[in-house]
There are 2 protein chains.
Amino acid sequence: MARTQGSYSGTTGPRVRKAAQKLFARNGYATVSMRQIAADVGVQAGALYNYTPDKQTLLFDLMKQHMDELLAARAAQDVAQVPLAALEGFTRFHIRFHLDRPDAVFIAYMELRNLTEPHFEQLEQLRATYEGELMAILSAGQVAGVFDLRDIKVASRAVIAMLTGVTTWYRDSGALSREDVEEIYWQMVRKAVAAT
Amino acid sequence: MARTQGSYSGTTGPRVRKAAQKLFARNGYATVSMRQIAADVGVQAGALYNYTPDKQTLLFDLMKQHMDELLAARAAQDVAQVPLAALEGFTRFHIRFHLDRPDAVFIAYMELRNLTEPHFEQLEQLRATYEGELMAILSAGQVAGVFDLRDIKVASRAVIAMLTGVTTWYRDSGALSREDVEEIYWQMVRKAVAAT
DNA sequence: GTCTATAATTAGATAGAC
DNA sequence: GTCTATCTAATTATAGAC
């Protein structure tokens with residue numbers, strides 16, 4: 001977290017987090033050294049400790065910020081009353097948000113085991129909160145009879161896993177547009193949960 | 001006791017790989033030291049180098065063996081002629097195989113970036129081969145008119161991501177049996193790809 | 001085959017000059 | 001705020017005794 005408001009802290013602090021995010025995503029938290037991050041920013045290693053008490057906190061702050069942004073962006077969305085429309089909104093939102101932040105997403109899924117226990121627990125609760133958003137939609141549709149699911153929690157995890165998987169292969173330089181991808185996944189999600 | 005030469009090699013080698021697999025899955029390749037692996041096996045660190053030229057090769061061998069086993073197990077399966085039955089077979093096979101090997105699966109997905117380029121390329125080809133198995137089934141169903149998919153490759157990746165996600169939450173101690181889980185996922189996969 | 005000992009390198013983090 | 005210098009500890013891998 002930025003703790004100083006000096007003229008440099010406004011610029012070096014964010015650059016440290018940006019460099020750490022890029023390098024952690026590319027090479028893994030445990031593999032990246034503080035010296036590598038410093039070199040990427042263009043300072044010496046000691047200077048990093050003006051912006052984070054230690055490496056572990058730097059990782060946690062990145063992951064926490066990502067989840068906070070995810071929940072804030074979701075909260076800013078209108079959620080349709082009709083379950084099918086609400087599900088479409090969630091699906092498209094999830095794909096867009098994740099494709100916009102490949103590095104943060106990668107870290108969020110890969111580096112959980114490098115967190116200390118209290119840090120892990122905090123993030124797990126945020127993840128569960130997000131999962132709850134989808135579960136609420138699926139429950140409403142189940143009650144209304146438009147969805148047919150044996151287990152709401154398993155279904156929500158299955159859908160989220162499917163959607164998040166898009167980040168492992170999608171490239172803007174590829175043949176499919178983001179709109180194409182949204183549409184393809186949405187049709188699969190729609191059918192997967194539908195009552196027949 | 002007879003001479004020890006040879007008599008340990010048949011047992012220490014596998015124990016090294018087992019310990020490495022467990023520790024890599026739990027703590028991550030980069031975090032685990034050769035000394036930790038050695039301690040888990042019950043030898044000194046130097047002794048490990050009788051069984052692997054270096055740490056990187058130890059990781060690669062684990063991942064390669066996992067993919068070889070996956071393809072061999074799949075090849076040993078009967079593949080139904082009817083696309084719907086073939087898809088059900090693939091789905092249940094994938095879930096069973098992955099739930100049986102949580103550590104190997106975890107490593108296979110998390111440690112790809114810790115491989116050198118030629119090692120990575122080898123595994124990527126094996127992964128693509130496995131993906132091709134599902135693509136062939138989906139293509140056959142598409143041609144037969146029983147599946148309706150906009151993009152076979154994207155669909156196969158979506159299905160595999162959804163199914164593999166089961167390993168992140170399923171525990172034998174939980175409320176659902178493996179048969180329950182297979183059934184829940186199968187119903188979602190079946191509907192997701194179906195022509196309406 | 002395994003041990004002890006060690007070489008060579010690198011890590012995270014801190015102290016104090018400027 | 002950043003730098004240089006440094007401390008302490010840990011790392012991979014190897015050499016040679018047994």
*Can you figure out which of dG12(C), dA13(D), dG1(D) approaches the side chain of Asn50(A) most closely?*
dG1(D)
_Which nucleotide in dA13(C), dA13(D), dG1(C) has an atom nearest any side-chain atom of Tyr49(B)_ = dA13(D)
_The side chain of Lys55(B) is closest to which nucleotide in this list: dC3(D), dA13(D), dA13(C)?_
dA13(D)
*Phe90(A) and Tyr130(A) aromatic centres sub-6.0 Å*: yes
*asked:* How many whole angstroms separate atom CZ of Arg35(A) from atom P of dT4(D)?
replied: 12 Å
*Looking at the side chain of Asp54(B), which of dA13(D), dT2(C), dT2(D) is the nearest nucleotide?*
dA13(D)
*Classify the angle between the aromatic ring planes of His66(A) and Phe97(A) as parallel (below 30°), tilted (30 to 60°) or perpendicular (above 60°).*
tilted
*Starting at atom CG of Leu48(A), determine the distance to atom C1' of dG12(C), rounded to an integer number of angstrom.*
11 Å
*Considering only dT2(D), dT14(D), dG12(C), which nucleotide approaches the side chain of Met34(A) most closely?*
dG12(C)
*Assign Val41(B) to base, sugar-phosphate, or nothing according to its heavy-atom contacts below 4.0 angstrom with the strands shown.*
nothing
*Atom CG of Leu59(A) and atom C1' of dG12(C): how far apart are they, to the nearest Å?*
15 Å
*Over how many whole Å does the gap from Tyr51(A) atom OH to dA13(C) atom C1' extend?*
17 Å
*Side chain of Ser33(A) - closest among dG1(C), dC3(C), dA11(C)*: dA11(C)
*Would a distance-only check, ignoring hydrogens and angles, find a side-chain to backbone donor-acceptor pair under 3.5 Å from Tyr29(B) to Met110(B)?*
no
*Using a cut-off of strictly less than 4.0 Å, decide whether Gln44(A) has a side-chain nitrogen or oxygen near OP1 or OP2 of dT4(D).*
yes
*Rounded to the nearest angstrom, tell me the gap between atom CD in Gln36(B) and atom P in dT11(D).*
7 Å
*Any Lys/Arg nitrogen of Asp103(B) or Lys18(B) sitting under 4.0 Å from an Asp/Glu carboxylate oxygen of the other?*
no
